[in-house]
Peer 1: 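Sharing a structure here in structure tokens format.
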Amino acid sequence: MTSTETTADRYRRLAAALTTRVDAVSSDKWDTASTCDGWTLRDVLRHILDSQRGGLAPVGLSIPDGPTVDDDPVAAWVHTRDAMQEILDDPARANLEYDGHFGRTDLASSIRSFYCLDLIVHAWDIAHPTGLDDSIADEDLDFVEAFIAEMGDNIRMDGVCGPEVQVPADADRQTKVLAQLGRTV
């Protein structure tokens, strides 16, 4: 997974795409069922926020308390997004190292891979059931495909992705990629 885009810039770009979708969800739709089995749109957003907060813990960083996804999903996302972006824009914090599941790594590398994958896929999880634009850019599909290949069977670890969904051979690329992550389009 190579790219000239910095982690801070990738996060900024993907967070902007998610923000567009989060902003477009009307307040009465947050409890709509998402594409994630048993989760509402609010639950998907809560997962994103909790994951990002949790991703900071191994390096001793945190995001200050702010609005909750129950009270104001949009404000909760903006608060978390901005705090994460501030951290990623600071090389001293972004490059903090820790021992991760797959060995020694740093915060920026973790955000660049798994957490940016979350932004891409969960933006689709929020957009698709609400009829919003759920398209994923080709460069992001490239990234997701490379991530899936790199993870191998680890993509199926508990809490990562469900079983692959079978799709017709002539399905479009986005449908095929999402199917590998257990999503039915």
Peer 1: Which value, rounded to the nearest 0.5 Å, describes the distance between Arg10 atom CZ and Thr4 atom OG1?
Peer 2: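 Answer for the CZ-OG1 pair, Arg10 versus Thr4, is 9.5 Å.
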Peer 1: Among all residues two or more places apart in sequence or in another chain, which pass the ring pair (Phe, Tyr, Trp, His ring centres under 6.0 Å) test with His79?
Peer 2: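 Partners of His79 by the ring pair (Phe, Tyr, Trp, His ring centres under 6.0 Å) criterion come out as none, since no residue qualifies.
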Peer 1: Would you say NZ of Lys176 has more than 12 non-hydrogen atoms from neighbouring residues, nucleotides or ligands within 6.0 angstrom?
Peer 2: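 Enclosed: over 12 neighbouring heavy atoms sit under 6.0 Å from NZ of Lys176.
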Peer 1: Please report the shortest heavy-atom distance between Thr35 and Pro129, naming the atom on each side.
Peer 2: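 Residues Thr35 and Pro129, closest heavy atoms: CG2-CD, 4.0 Å.
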Peer 1: Suppose we screen for salt bridge (Lys or Arg N to Asp or Glu O under 4.0 Å). Which residues come up paired with Asp134, at least two apart in sequence or across chains?
Peer 2: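 Expected list: none.
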Peer 1: Just jot down the side-chain hydrogen bond (donor to acceptor under 3.5 Å, both in side chains) partners of Thr19, sequence neighbours excluded, or say none.
Peer 2: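 Applying side-chain hydrogen bond (donor to acceptor under 3.5 Å, both in side chains) to Thr19 gives Trp77, Arg81.
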Peer 1: Looking at Asp125, Asp72, Asp31, which one forms a salt bridge (charged side-chain N to carboxylate O under 4.0 Å, His left out) with Arg42?
Peer 2: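 Exactly one option meets the salt bridge (charged side-chain N to carboxylate O under 4.0 Å, His left out) with Arg42, and it is Asp31.
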Peer 1: What pairs with Asp170 under side-chain hydrogen bond (donor to acceptor under 3.5 Å, both in side chains), at least two apart in sequence or on another chain?
Peer 2: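 Asp170: no side-chain hydrogen bond (donor to acceptor under 3.5 Å, both in side chains) contacts found.
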Peer 1: Do Leu18 and Ile126 have side chains that approach each other closer than 4.5 Å (heavy atoms only, starting at C-beta)?
Peer 2: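 A side-chain contact under 4.5 Å exists here.
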Peer 1: Decide whether Leu14 and Val74 are clustered together by the hydrophobic rule: side chain heavy atoms of Ile, Leu, Val, Met, Phe, Trp, Tyr closer than 4.5 Å, transitively.
Peer 2: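 Yes: a chain of side-chain contacts under 4.5 Å links Leu14 to Val74.
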Peer 1: Cluster question for you: counting only ILVMFWY and a side-chain heavy-atom cut-off of under 4.5 Å, with indirect links fine, are Val167 and Val185 together?
Peer 2: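 Each belongs to a different hydrophobic cluster.
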Peer 1: For Val165, check side-chain contact (heavy atoms from CB on, under 4.5 Å) against everything at least two apart and list the hits.
Peer 2: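 For Val165 the side-chain contact (heavy atoms from CB on, under 4.5 Å) partners, ignoring immediate neighbours, are Ala179, Thr184.
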Peer 1: Do Ser34 and Val44 have side-chain heavy atoms sitting under 4.5 Å apart?
Peer 2: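 Yes. Closest side-chain heavy atoms under 4.5 Å.
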Peer 1: Is there a side-chain contact between Leu132 and Val25 (heavy atoms, below 4.5 Å)?
Peer 2: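 Yes, close enough: below the 4.5 Å cut-off.
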Peer 1: For Asp23, enumerate each residue passing the salt bridge (Lys or Arg N to Asp or Glu O under 4.0 Å) test, keeping only those at least two apart in sequence or located in another chain.
Peer 2: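 Asp23 satisfies salt bridge (Lys or Arg N to Asp or Glu O under 4.0 Å) with no residue once adjacent residues are dropped.
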Peer 1: Determine the minimum heavy-atom distance between Ile120 and Phe143, stating which atoms define it.
Peer 2: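 That closest heavy-atom pairing would be CD1-CD2, 3.5 Å.
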Peer 1: Which residues pass the side-chain hydrogen bond (donor to acceptor under 3.5 Å, both in side chains) test with Gln85, sequence neighbours left out?
Peer 2: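 Residues passing side-chain hydrogen bond (donor to acceptor under 3.5 Å, both in side chains) with Gln85: Asp89.
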Peer 1: Could you report the tightest heavy-atom contact between Asp43 and Gly38, atom names first, then the distance?
Peer 2: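 Nearest pair, atom of Asp43 first, then Gly38: OD2-O, 4.0 Å.
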Peer 1: Using side-chain heavy atoms (C-beta onward) and a distance below 4.5 Å, is Arg21 in contact with Thr130?
Peer 2: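 Side chain of Arg21 against side chain of Thr130, heavy atoms only: no contact under 4.5 Å found.
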Peer 1: Can you find a heavy atom in the side chain of Arg183 that is under 4.5 Å from one in the side chain of Cys36?
Peer 2: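 Arg183 vs Cys36: side chains touch.
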Peer 1: Using a 4.5 Å cut-off on heavy atoms from C-beta on, say whether the side chain of Leu56 contacts that of Ser62.
Peer 2: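 They are not in side-chain contact.
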Peer 1: With Asp138, which residues qualify under side-chain hydrogen bond (donor to acceptor under 3.5 Å, both in side chains), at least two apart?
Peer 2: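 Result, side-chain hydrogen bond (donor to acceptor under 3.5 Å, both in side chains) vs Asp138: none returned.
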Peer 1: If you round to the nearest 0.5 Å, how far is CG of Leu96 from CZ of Arg93?
Peer 2: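 Between atom CZ of Arg93 and atom CG of Leu96 there are 9.0 Å.
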Peer 1: For Asp9, give me all partners under salt bridge (Lys or Arg N to Asp or Glu O under 4.0 Å), at least two apart in sequence or on another chain.
Peer 2: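 Asp9: salt bridge (Lys or Arg N to Asp or Glu O under 4.0 Å) contacts with Arg12.
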Peer 1: Going from CZ on Arg13 to OG1 on Thr6, what distance comes out if it is rounded to the nearest 0.5 angstrom?
Peer 2: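 The CZ atom of Arg13 sits 10.5 Å away from the OG1 atom of Thr6.
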Peer 1: Is there a path of hydrophobic side-chain contacts, each under 4.5 Å between heavy atoms of I, L, V, M, F, W or Y residues, that connects Val177 with Phe114?
Peer 2: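 The answer is yes; both residues are in one hydrophobic cluster.
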Peer 1: My understanding is that only residues two or more places apart in sequence, or in another chain, count here; which of them pass salt bridge (Lys or Arg N to Asp or Glu O under 4.0 Å) with Asp133?
Peer 2: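 Result, salt bridge (Lys or Arg N to Asp or Glu O under 4.0 Å) vs Asp133: none returned.
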Peer 1: Indicate the atoms forming the closest heavy-atom contact of Arg53 with Thr80, along with that distance.
Peer 2: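 Residues Arg53 and Thr80, closest heavy atoms: NH2-OG1, 3.7 Å.
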Peer 1: Check whether any side-chain N or O of Ser109 sits under 3.5 Å from a backbone N or O of Thr105 as a donor-acceptor pair, and report yes or no.
Peer 2: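 It does not hold such a pair.
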Peer 1: Would you say Ser110 and Tyr98 make side-chain contact, with heavy atoms under 4.5 Å?
Peer 2: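 Side chain of Ser110 against side chain of Tyr98, heavy atoms only: contact under 4.5 Å found.
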Peer 1: Ring pair (Phe, Tyr, Trp, His ring centres under 6.0 Å): which pairs involve residues 14-45, sequence neighbours left out?
Peer 2: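 For residues 14-45, and leaving out neighbouring residues, the ring pair (Phe, Tyr, Trp, His ring centres under 6.0 Å) pairs sorted by first residue read Trp39-His47.
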Peer 1: Specify the closest pair of heavy atoms between Ile136 and Gln174, including all atoms of both residues, with the distance to one decimal.
Peer 2: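 Scanning both residues completely, I find the closest heavy atoms to be N-OE1, 2.7 Å.
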Peer 1: Does the distance from a Lys or Arg side-chain N to an Asp or Glu carboxylate O, for Glu5 and Arg112, drop under 4.0 Å?
Peer 2: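 Salt bridge between Glu5 and Arg112, a charged N being under 4.0 Å from a carboxylate O: no.
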Peer 1: I'd like to check the ring pair (Phe, Tyr, Trp, His ring centres under 6.0 Å) partners of Trp124; sequence neighbours left out, ordered by chain and number.
Peer 2: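 His128.
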Peer 1: Mind checking the CG-NE2 spacing from Leu119 to His122? Nearest 0.5 Å is all I need.
Peer 2: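 One gets 9.0 Å once the value is rounded to the nearest 0.5 Å.
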Peer 1: Out of curiosity, Met84 CE to Leu61 CG, how far, rounded to the nearest 0.5 Å?
Peer 2: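 Met84 atom CE to Leu61 atom CG measures 9.0 Å (nearest 0.5 Å).
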Peer 1: Are any of the side-chain heavy atoms of Tyr115 and Tyr11 separated by less than 4.5 Å?
Peer 2: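 A side-chain contact is absent here, since even the closest heavy-atom pair is not under 4.5 Å.
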Peer 1: State the CG-CZ distance between Asp99 and Arg104, to the nearest 0.5 angstrom.
Peer 2: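 Between atom CG of Asp99 and atom CZ of Arg104 there are 4.5 Å.
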Peer 1: List the atom of Thr68, the atom of Ala76, and the distance in Å for their closest heavy-atom pair.
Peer 2: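 Nearest pair, atom of Thr68 first, then Ala76: C-CB, 3.6 Å.
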Peer 1: Would you call Asp142-Arg173 a salt bridge at under 4.0 Å N-O?
Peer 2: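 Looking at Arg173 together with Asp142, the answer is yes, because their closest N to O distance falls below 4.0 Å.
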